[in-house]
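Both counts, for ligands and for their atoms, begin at 1 and track the order of listing.
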Amino acid sequence: MIKPDAVKAGNIGNILQMINAAGFRIVAMKYTHLTMDTAGKFYEVHKERPFYGELCEFMSSGPIVAAILEKENAVADFRTLIGATNPANAEEGTIRKKYATSIGENAVHGSDSDENAIIEGNFFFNGLERF
Ligand code: ATP
Ligand code: MG
């Protein structure tokens, strides 16, 4: 996902360019706006965390871009491309180093396992929306 902060800042194009340059293929893509309820479901694993409310508020604060990306070793390579959760700790040249502003407003989301990538892809896309 490209998160609301990066969409608002006009960075959709820049981020997609970095994703393409890193060799990911776009299987599905959607411009949409999460509600408190749908953001809450997406991030349900974090329900008990102190930042859950803040995270759901932020993720529903504006439109997002959701995508399914394909590549060998996609989960690990995408996490390398996006950088650390907190942009202060993100490597130079990563998406979060360039475009994130804080640990909460950190420009992009990446799945953390193949299993969750399938669940998260199914959250946004049906079979007719994948190519
Ligand atoms: P994401 O799942 O969005 O790719 P991540 O896997 O790097 O991020 P997680 O630990 O899964 O990090 O946290 C999910 C999201 O919750 C973070 O991307 C960030 O937006 C928010 N978050 C995490 N930790 C904090 C925190 N300490 N304070 C505020 N928000 C946080
Ligand atoms: Mg995560």
Side-chain angles (χ1 to χ4, degrees):
M1 257 192 281
I2 300 177
K3 295 185 177 183
D5 58 327
V7 172
K8 279 196 191 89
N11 288 323
I12 294 175
N14 293 329
I15 290 170
L16 291 179
Q17 194 164 19
M18 289 178 73
I19 290 170
N20 277 331
F24 291 87
R25 195 180 77 77
I26 293 167
V27 174
M29 182 170 284
K30 182 173 287 185
Y31 189 48
T32 186
H33 194 148
L34 296 171
T35 61
M36 275 296 280
D37 187 54
T38 49
K41 286 200 177 84
F42 186 88
Y43 278 115
E44 200 149 32
V45 289
H46 295 311
K47 198 152 63 186
E48 306 305 327
R49 308 280 283 277
F51 56 80
Y52 180 70
E54 185 189 330
L55 175 60
C56 295
E57 291 278 354
F58 165 59
M59 289 304 298
S60 60
S61 68
I64 57 104
V65 176
I68 299 176
L69 303 174
E70 184 178 85
K71 186 182 181 298
E72 279 299 311
N73 205 31
V75 166
D77 285 0
F78 191 69
R79 296 200 70 89
T80 301
L81 177 66
I82 69 180
T85 308
N86 186 345
N89 303 326
E91 297 283 334
E92 283 301 330
T94 61
I95 293 174
R96 283 171 169 164
K97 182 71 177 184
K98 284 189 168 168
Y99 300 119
T101 50
S102 67
I103 190 169
E105 306 209 352
N106 58 6
V108 279
H109 162 78
S111 301
D112 58 15
S113 64
D114 287 352
E115 189 189 5
N116 283 334
I118 290 167
I119 293 168
E120 293 175 358
N122 291 338
F123 183 89
F124 284 110
F125 302 101
N126 67 39
L128 297 173
E129 298 171 312
R130 300 163 189 234
F131 309 99

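- Relative to atom 5 (P) of ligand 1, the option among Met1, Glu105, Arg79 with the closest non-hydrogen atom is Arg79.
- Counting only non-hydrogen atoms, the option in Ala100, Pro50, Gly104 that gets closest to atom 30 (N) of ligand 1 is Gly104.
- Atom CD1 of Ile64 is separated from atom NZ of Lys8 by 12.0 Å, given to the nearest 0.5 angstrom.
- For ligand 1, the polar-atom distance check against Lys3 finds a nitrogen or oxygen pair separated by under 3.5 Å.
- Leu69 and Phe125 fall into different hydrophobic clusters, where Ile, Leu, Val, Met, Phe, Trp and Tyr residues are linked whenever their side-chain heavy atoms come under 4.5 Å apart, directly or through other members.
- Between Glu44 and Lys41 there is no salt bridge, since none of the side-chain N atoms of the basic residue sits less than 4.0 Å from a carboxylate O of the acidic one.
- With a 4.0 Å cut-off on non-hydrogen atoms, Asn106 touches ligand 1 through its side chain and not its backbone.
- At a heavy-atom cutoff of 4.0 Å, ligand 1 is contacted by no atom of Glu120, backbone or side chain.
- Residues passing the side chain to side chain contact (heavy atoms under 4.5 Å, CB included) test with Pro87, sequence neighbours excluded: Ala100.
- Contact atoms of ligand 1 toward Arg96: 1 (P), 3 (O), 4 (O), 7 (O), 8 (O), 18 (O) (distance under 4.0 Å to a heavy atom of the residue).
- Checking only distances, Phe51 never comes within under 3.5 Å of ligand 1, N or O to N or O.
- Both the backbone and the side chain of Thr85 come within 4.0 Å of ligand 1, judged by heavy-atom distances.
- Residue, atom and distance of the protein heavy atom nearest to atom 1 (P) of ligand 1 are His109 ND1, 3.0 Å.
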What verdict does the side-chain contact (heavy atoms from CB on, under 4.5 Å) test give for Met59 and Met1, after you've listed the backbone C-alpha separation in whole Å, the side-chain angles of each residue and the deciding distance to 0.1 Å?
CA-CA 10 Å; Met59 289 304 298; Met1 257 192 281; 3.6 Å; yes
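- With sequence neighbours excluded, no residue forms a salt bridge (Lys or Arg N to Asp or Glu O under 4.0 Å) with Asp112.
- Protein heavy atom closest to atom 13 (O) of ligand 1, with residue, atom name and distance, is His46 NE2, 3.6 Å.
- If you check which protein heavy atom lies closest to atom 15 (C) of ligand 1, you get Leu55 CD1, 3.9 Å.
- Here is the list of ligand 1 atoms found below 4.0 Å of a heavy atom in Glu54: 29 (C).
- Met18 and Ile82 fall within a single hydrophobic cluster, where Ile, Leu, Val, Met, Phe, Trp and Tyr are joined by side-chain heavy atoms under 4.5 Å apart, directly or via other members.
- More than 12 heavy atoms of other residues, nucleotides or ligands lie within 6.0 Å of CD in Glu129, so this atom counts as buried by the packing criterion.
- For the pair Ile103 and ligand 1, a heavy-atom separation below 4.0 Å is found.
- Here Tyr43 has side-chain heavy atoms under 4.0 Å from ligand 1, and that is the only part of it that gets that close.
- Closest heavy-atom contact between Lys3 and Val108: CE-O, 3.2 Å.
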